[in-house]
There are 2 protein chains.
Amino acid sequence: MLELRLVQGSLLKKVLESVKDLVNDANFDCSATGFSLQAMDSSHVALVALLLRSEGFEHYRCDRNLSMGMNLNNMAKMLKCAGNDDIVTIKADDGGDTVTFMFESPTQDKIADFEMKLMDIDSEHLGIPEAEFQAIVRMPSAEFARICKDLSSIGDTVVISVTKEGVKFSTRGDIGTANIVCRQNTTVDKPEDATVIEMQEPVSLTFALRYMNSFTKATPLSNQVTISLSSELPVVVEYKVAEMGYIRFYLAPKLEEDDIENQAEARPEVNKKPKEEPIVDAKPISAIKPKLEVKAEDENKPQIESTTAVGSKEEIDLMDDE
Amino acid sequence: MLELRLVQGSLLKKVLESVKDLVNDANFDCSATGFSLQAMDSSHVALVALLLRSEGFEHYRCDRNLSMGMNLNNMAKMLKCAGNDDIVTIKADDGGDTVTFMFESPTQDKIADFEMKLMDIDSEHLGIPEAEFQAIVRMPSAEFARICKDLSSIGDTVVISVTKEGVKFSTRGDIGTANIVCRQNTTVDKPEDATVIEMQEPVSLTFALRYMNSFTKATPLSNQVTISLSSELPVVVEYKVAEMGYIRFYLAPKLEEDDIENQAEARPEVNKKPKEEPIVDAKPISAIKPKLEVKAEDENKPQIESTTAVGSKEEIDLMDDE
DNA sequence: ACTAACCTCC
DNA sequence: GGAGGTTAGT
């Protein structure tokens with residue numbers, strides 16, 4: 001038996017709006033820790049990790065760990081039927097093959113329930129490294145979204161370069177080039193307008209703007225976004241979900257042209273563009289995971305027991321960090 | 001060396017949004033007088049003339065007159081990347097084949113630079129007559145836009161008739177007819193709501209709504225629009241650009257059906273529609289230009305020295321009038 | 001040619 | 001705040 005009551009139902013609506021374009025089907029994992037999801041995008045290039053901690057729910061009952069496969073588009077359709085002020089309750093029976101979403105209007109005048117069939121989904125639970133980053137940029141999420149949108153009208157990829165002075169977003173396309181520099185700025189009226197750069201070492205990485213623009217669909221969730229960068233590692237674009245957790249997007253950097261040229265393969269084309277780097281194929285996240293084993297605090301936390309895929313020790317990292 | 005700093009960058013954004021649908025490629029002419037553009041639309045039926053006077057810029061440096069050929073769509077794409085409050089600087093080197101747009105956020109936290117390749121464009125600089133008009137209508141630009149949009153759902157052409165009582169916009173289509181009369185009205189709370197009619201002589205002219213609707217893309221630039229009419233002359237639809245100049249659209253009237261019937265050519269078709277009157281082909285503006293030579297005040301103003309086309313005396317009229 | 005985002009009107 | 005239209009992008 002599962003029953004999760006979320007007073008701020010709009011959070012779940014926003015979460016789904018931000019994920020449904022990237023991922024078609026995914027398993028929601030439910031344990032005493034919280035309600036979480038981890039999935040690769042359909043082209044296996046990007047990865048999404050969501051965590052909504054149990055403490056964020058008004059009522060959280062999860063008798064037995066459950067992994068519920070859902071079509072996110074359909075789930076989003078149902079959640080769209082909830083008012084923004086509605087209280088949302090997610091219900092499922094342990095044995096059942098359906099999930100029920102209940103929407104209560106704030107005045108209790110309207111109560112709706114939507115039942116959705118669950119699906120069997122092969123979960124590709126990956127261990128996600130809790131890495132040290134060379135640079136972490138925190139900036140207003142709307143500004144980041146605007147930059148990604150603007151640059152994608154000029155080019156397909158963005159080079160994100162962090163130095164002490166600030167973070168630079170650059171692109172190049174047929175019609176010209178573009179560079180946008182954001183300086184660190186902590187002396188702002190509202191803290192959500194701050195741009196903070198924590199840099200251990202300068203770093204410069206290239207990413208596909210198409211995915212960045214998908215990630216920024218999560219902008220309504222938080223005023224701030226955190227971009228964590230390290231050479232060779234996937235970038236982490238994180239939006240906090242108020243009082244509850246986070247949604248994180250991972251994207252492997254494209255190889256710089258230099259790197260491609262250094263590769264042994266004979267490639268006859270000249271002026272070849274940097275190629276997409278699928279996270280799983282070229283640089284599986286598990287392969288670049290630092291030698292970080294289960295932390296002590298994990299011991300007394302329940303593990304995910306997936307109904308469709310058995311979780312390994314590694315998989316727990318996703319839920320227990322932070 | 002060219003460096004034009006425009007504090008209200010949104011003006012340039014709006015200017016490009018209003019021109020890019022009409023004209024694909026055009027030369028921007030830069031002289032001590034200001035930053036200007038004159039171009040025919042792609043089908044050579046309408047003409048756009050833009051002037052942003054140097055005094056309107058916070059900083060205006062133009063060592064040598066320059067004519068810069070730009071793809072207006074690409075330029076618009078780049079300007080879209082500027083925030084509405086951004087300060088826009090246009091930079092170009094005298095010999096160079098690129099132009100750079102710099103956008104500074106009001107707080108200086110974000111600085112963007114966009115570089116764009118220039119093009120070689122055959123400029124068809126036409127002399128534009130400084131005509132006397134039989135009627136000049138000044139009215140709220142939004143109202144004019146609304147009328148053109150509404151009428152174009154009924155018919156393809158609009159007959160604009162000015163009498164002492166007011167201005168009438170009429171159309172006729174398969175589904176019926178429409179007449180919209182706006183009376184002169186100067187007793188309004190806000191001056192921008194006024195409708196003012198200066199009429200020497202009643203006039204009635206027919207225009208293609210398709211172009212009128214293109215012109216009204218400039219509506220965001222000004223609360224008021226001025227429509228200047230004379231028989232046989234192209235209409236001038238003018239929007240002032242605050243503190244800086246204007247954007248003017250010229251469109252030759254269609255021949256009335258009567259006129260067509262009076263023409264010698266044997267045309268077998270019955271119910272023939274009024275034909276498009278290209279400004280250059282049927283009624284070249286130079287041909288209908290009143291015998292108005294260069295005015296005295298022109299003498300001490302610098303002339304445009306185009307790098308791709310040498311300007312004639314006539315061409316200067318565009319920039320020096322008003 | 002279709003879809004999605006934006007903007008305006010109701 | 002919702003709906004519809006328009007426009008831009010795929």
Side-chain angles (χ1 to χ4, degrees), chain A residues 8-10 13-14 16-24 41-43 45 72-73 76-77 79-86 103 105-107 109-110 112 141-158 171 173-176 178 208-221 273 276, chain B residues 10 13-24 41-42 71-84 140-154 156 180 192-193 209-223:
Chain A
Q8 205 179 341
S10 61
K13 292 181 66 169
K14 290 178 191 165
L16 260 106
E17 287 306 308
S18 73
V19 183
K20 75 175 210 294
D21 292 330
L22 211 54
V23 182
N24 291 121
D41 85 294
S42 356
S43 53
V45 170
L72 300 191
N73 255 304
K77 274 185 192 167
L79 287 171
K80 270 188 189 161
C81 302
N84 275 325
D85 301 327
D86 283 5
F103 309 141
S105 70
T107 54
D109 294 335
K110 195 180 78 183
S141 57
E143 195 174 332
F144 177 63
R146 176 69 196 268
I147 289 169
C148 291
K149 179 174 147 277
D150 283 351
L151 291 189
S152 60
S153 78
I154 312 287
D156 297 329
T157 61
V158 57
T171 193
D174 293 339
I175 71 168
L209 278 166
R210 182 183 145 218
Y211 291 99
M212 286 293 172
N213 276 316
S214 265
F215 301 167
T216 60
K217 295 276 159 64
T219 302
L221 278 167
K273 293 199 178 150
E276 212 76 77
Chain B
S10 61
K13 293 181 66 171
K14 290 178 191 164
V15 162
L16 259 106
E17 286 307 308
S18 73
V19 182
K20 74 175 213 290
D21 292 330
L22 212 52
V23 182
N24 291 123
D41 85 293
S42 356
N71 175 302
L72 299 191
N73 252 305
N74 292 344
M75 182 178 173
K77 267 187 192 169
M78 292 193 165
L79 286 172
K80 268 188 189 161
C81 302
N84 276 326
S141 57
E143 196 174 331
F144 177 63
R146 179 65 196 269
I147 289 169
C148 292
K149 179 173 148 278
D150 286 350
L151 291 189
S152 61
S153 75
I154 312 286
D156 297 329
I180 301 174
E192 62 257 37
D193 291 336
L209 277 166
R210 182 184 147 219
Y211 290 99
M212 286 292 170
N213 276 316
S214 264
F215 301 166
T216 60
K217 295 278 158 64
T219 302
L221 278 168
S222 171
N223 288 322

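Just so we're on the same page: letters track the sequence lines, and every chain starts at 1.
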Revision key, fill the gap. A:A178 and A:L151 have their tightest heavy-atom pair at CB-CD2, 3.8 Å

Point to revise | Ionic contact status for B:D21 with B:K217, cut-off 4.0 Å | key: yes

Point to revise | Residues A:R210 and A:D156 bridged, charged N to O under 4.0 Å | key: no

Practice item. May I have the distance from B:K77 (atom NZ) to D:dG9 (atom C1'), rounded to whole angstrom? Key: 9 Å

Protein-nucleic acid N or O pairs under 3.5 Å, nucleotides 5-10 of chain C:
none

Check your understanding: For B:L22 and D:dT7, what is the distance between atoms CG and P respectively, to the nearest whole Å?
Key -> 14 Å

Exercise for review: Could you state the atom-to-atom distance from NZ of B:K80 to C1' of D:dT7 in whole Å?
Suggested key: 9 Å

Point to revise | For atom CG of A:D85 and atom C1' of D:dG2, their distance in whole Å | key: 15 Å

Study note, to complete from the structure: B:N223 meets the side chain to side chain donor-acceptor pair (under 3.5 Å) criterion, sequence neighbours left out, with none

Practice item. Under the side chain to side chain contact (heavy atoms under 4.5 Å, CB included) rule, what do A:L22 and A:Y211 come out as? Steps first, then yes or no, please. Key: CA-CA 8 Å; A:L22 211 54; A:Y211 291 99; 4.2 Å; yes

Review point. Between A:D86 (CG) and D:dG1 (C1'), how many Å, whole number?
Key: 15 Å

Review point. Roughly, in whole Å, what's the span from CZ in A:R210 to P in C:dA4?
Key: 14 Å

**Study point:** Whole-Å gap separating P (D:dA8) and CG (B:L79)
**Key:** 15 Å

Exercise for review: Would you please name every residue forming a salt bridge (charged side-chain N to carboxylate O under 4.0 Å, His left out) with A:K20, sequence neighbours left out?
Suggested key: A:E17

Practice item. For A:N84 and for A:S152, locate the closest nucleotide of DNA chain D by heavy-atom distance; then report the residue assigned to the nucleotide nearer the 5' terminus. Key: A:N84

